[in-house]
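Some notes on the structure that comes next.
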2 protein chains.
Amino acid sequence: MVRWEPDTRERLREAALDLYTAKGYADTTVAEIAASVGVTERTFFRHFADKREVLFNGSDVLQEQFVDGVASAPAGTAFEIVMHAVLSAVTFFPEERRPYSRRRQAMIVANPELMERELNKMAGLVAALGAALRERGVVEPEATLAAESAVTVFRLAFEEWVAPSSTRTLAEIEQSLFAALRSLAR
Amino acid sequence: MVRWEPDTRERLREAALDLYTAKGYADTTVAEIAASVGVTERTFFRHFADKREVLFNGSDVLQEQFVDGVASAPAGTAFEIVMHAVLSAVTFFPEERRPYSRRRQAMIVANPELMERELNKMAGLVAALGAALRERGVVEPEATLAAESAVTVFRLAFEEWVAPSSTRTLAEIEQSLFAALRSLAR
DNA sequence: ACACTGATGTCAGTTACTGACATTAGGAGA
DNA sequence: TCTCCTAATGTCAGTAACTGACATCAGTGT
């Protein structure tokens, strides 16, 4: 019977954020991250496609949440469906995870390379959401426009949610942004 | 009196797209690009921050067009102002540049690294547009939402404009997308 | 016992990118 | 004309991200 050890993958993820925080993203080498959990650099690259990807683990799970949210939404307009999906996905960000999200997001916004990757993940969300909408019979260009709008709202809401002074819940922020978006195109 | 030679920068830009097209982006080294115009690799990196940036030259000019478009828009809602800005910027994409844009965009969508950079440039447009709107007194969150929406419309319109079968003008596509967006949030 | 599978180690190699310093060409002014 | 200055480039050594190929090894099912 051996002492329990978390996944190598998970340990790499934690070590990476710790090191990025301590020394800065650019000044941290992949070799250091690997060494700090007792594996080789090669192993790191077997778990993560590149040095950036280690910070973007949950993104596929979030994507599923969005897609499920579309599938489970009651009948309605494209806009109502994506609103439902985005608001459902808030369960992915419970209050106790806010400190972690803050740390991670601070790292991302401070490093253009990471921000690029973040934007890329958001584009993935848009693609998945758009596909889910088309699955439900929404046609172009409404499917893509609704998907884009929804992810934009989600992203802006998330950014405010992790802002240092923010106290509102993610769902509240999202709702006010959806409302503002509605009245924009008036 | 010497034979006229275009900028080293411009020649690198052309050579890069040619080589990327001929051998593929990943299989082209920066050293090859540099050698093909008779300079060293180091010189390439003095002109372009990295291997991707060489395909994103005009983006700052486009950004200025957007900002100018906001400044020159008649009084109106945030939505009307960004519509004016986006529609003004079509002069940046005359019909004769469509073949070049098609080539370039095909290269970008085929390479995730390049797509990431593209998304990053779009985020730059959003930021500039948002700032220009705030300059005109538009407040948050309307400024950011309008900027995001406008750049989304521009991007989707551009993608359709460079699609192989597309014949409509960029302005036409943009107008129909703005209209669709308007009726989305109804 | 044996084969198989999945995760890891090892190692050599490529290439993007950077810093430091040298060189050169052309223009402005003494 | 000589000289200084600046901008662009060359040279060179170095770092670190990433990859492919192959070996090892522990566990698992048969």
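The chains referred to below are lettered A, B, ... by the order of the sequence lines, with proteins before strands, and numbering in each begins at 1.
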Give me the residues of residues 109-123 of chain A where at least one heavy atom lies under 4.0 Å from an atom of DNA chain D, by number, or none.
none
Under the salt bridge (Lys or Arg N to Asp or Glu O under 4.0 Å) test, which residues partner R134(A), sequence neighbours left out?
E140(A)
Protein and nucleotides 25-27 of chain D: nitrogen or oxygen contacts under 3.5 angstrom:
none

If we only count heavy atoms from C-beta on, is the R98(A) to E95(A) side-chain gap below 4.5 Å?
yes
Not counting sequence neighbours, list each pair that qualifies as a side chain to side chain donor-acceptor pair (under 3.5 Å) and has a residue in residues 28-37 of chain A.
K23(A)-E32(A)
Output a table of donor-acceptor pairs, distance under 3.5 Å, between side-chain atoms of residues 153-166 of chain B and any protein atom two or more places apart or on a different chain; print 'none' if there are none.
residue	atom	partner	partner atom	Å
R155(B)	NH1	E148(A)	OE2	3.2
R155(B)	NH2	E148(A)	OE1	3.0
R155(B)	NH2	E148(A)	OE2	3.4
E160(B)	OE2	R168(B)	NH1	3.1
S166(B)	OG	E160(B)	O	3.1

Donor-acceptor pairs are to be reported for all side-chain atoms of residues 107-114 of chain B against protein atoms at under 3.5 Å, with residues two or more places apart or in another chain.
residue	atom	partner	partner atom	Å
E113(B)	OE1	R52(B)	NH1	3.2

Counterpart residues, salt bridge (Lys or Arg N to Asp or Glu O under 4.0 Å), relative to E172(B) (two or more places apart):
none
Do the side-chain N or O atoms of H47(B) get closer than 4.0 angstrom to the phosphate oxygens (OP1, OP2) of dA8(D)?
no
Between CG of D7(A) and P of dG6(C) the distance, given in whole Å, is 16 Å
Check whether any side-chain nitrogen or oxygen of T8(A) sits under 4.0 Å from OP1 or OP2 of dT8(C), and answer yes or no.
yes
T40(A) side chain near dT10(C) phosphate (N/O to OP1/OP2, under 4.0 Å):
no
Can you tell me which residue pairs pass the salt bridge (charged side-chain N to carboxylate O under 4.0 Å, His left out) test with a partner in residues 76-88 of chain B, sequence neighbours excluded?
none
Can you list every ring pair (Phe, Tyr, Trp, His ring centres under 6.0 Å) pair that touches residues 7-43 of chain B, not counting sequence neighbours?
Y20(B)-Y25(B)
Using a 4.0 Å heavy-atom cut-off to protein, can you give one letter per nucleotide of nucleotides 12-24 of chain D, 5' to 3': B if the base is in contact, S if only the sugar-phosphate is, - if neither?
----SSBBBB---
ring-ring contact (aromatic ring centres under 6.0 Å, His included) filter on F56(A), not counting sequence neighbours, yields none
Who pairs with F178(B) by ring-ring contact (aromatic ring centres under 6.0 Å, His included), at least two apart in sequence or on another chain?
F79(B)
